[in-house]
Amino acid sequence: MYDQLQSLEDRYEELGELLSDPEVISDTKRLLALSKEEASIRESVAVYRKYKKVVAGISETEELLGENLDGDLLEMAKEELADLKKEKEGLEEELTILLLPKDPNDDKNIILEIRGAAGGDEAALFAGDLLNMYQKYSEAQGWRFEIMEANVTGIGGYKEVIAMITGENVFSKLKYESGAHRVQRVPSTESQGRIHTSTATVVVMPEAEEVELDIEDKDIRTDIYHASGAGGQHVNKTASAVRLTHLPTGIVVAMQDERSQIKNREKAMKILRARVYDHIAHEAQSEYDANRKSAVGTGDRSERIRTYNFPQNRVTDHRIGLTIQKLDQILSGKLDEIIDALIIYDQTKKLEEMQDNGY
């Protein structure tokens, strides 16, 4: 492990030199790649350097204790040694976690798609509850939350809503949310007080940048048409709605939220690029079924991952067997307890895999 850490530190120093090289600075694609690599190992290198200082401190203190100290100096040295050894253990645990295989998408922004599924109007209302939950969680994290496209029902729910969340390490925290979310409650339209079960699906996709995924113009069919729905008389005057079809995969994105055809196309391209990137990633991932089973939230999106039970104020995440009697708090955006538990579970599984493979 320490040879690996020393190699990381050497690479970090090399990257520092490369990033100040005028030849690299003038090459945008290479500069972006090296900057990302530098950022991805920065924390590991910082903790490793701290670890080396603590190890040096332990060595120095042990030498000091060998000089036949007495009285207060002896006690102070013993206490310092005990503190340093405890700190060393903590840093070793931290370094082990930092060396786990990293998801290259963890630091990315995301495209969030929520759809009402089984349950009609009640499912659409629940989709709205989930949207509100993620929006409040994003605000608490200091992220920017932008609704890009929404298909609103007559009673205020969402058949489908697409949002973009931008900020620091968004995907690393929300990637576990993809899947089917189930709600159990008495709908507002239910006159006899019976509990209904409805579902909404959530898809979390990392934003794909142009340098990562180059979609050629010949692979896209563009259709321009008049927007429908909200927008007043404007919708009948201007053909501003855009529909993009990625011919190799058949993925279609339609956007009419903006009055400008150009802005609609820009938004549609962001979503299309994310969906194509996600499609390619899932195709590659399907070749590694064992890895998919050990991860959390990267498997079948039809899988029921969580149940929200209103009568008992209970939320259960079925993947890790976690039940929390705080449904009201969870829906108000306080997702940390669930997300932290999912991250720890994922890290534990990865540690077990490393140990099984003899690392």
[X]/[Y] ion pair, N-O < 4.0 Å:
X    : Y    : result
E139 : R144 : no
D346 : R319 : no
E92  : K88  : yes
R275 : E113 : yes
R11  : E37  : yes
K108 : E207 : no
K78  : E80  : no
D106 : K175 : yes

Does a donor on one side chain and an acceptor on the other come within less than 3.5 Å for T316 and T323? yes
Once rounded to the nearest 0.5 Å, what's the spacing between atom OG of S35 and atom CZ of R30? 11.0 Å
In Å, rounded to the nearest 0.5 Å, how long is the span from CD1 of I114 to CD of E177? 9.5 Å
Stepwise salt bridge (Lys or Arg N to Asp or Glu O under 4.0 Å) check, R49 with E13: CA-CA 12 Å; R49 286 174 173 172; E13 291 175 357; 3.5 Å; yes
From CA spacing to verdict: salt bridge (Lys or Arg N to Asp or Glu O under 4.0 Å), E38, R42: CA-CA 6 Å; E38 191 261 0; R42 188 183 302 144; 2.6 Å; yes
Looking only at atom types and distance, does a side-chain atom of W143 sit under 3.5 Å from a main-chain N or O of E168, one as donor and one as acceptor? yes
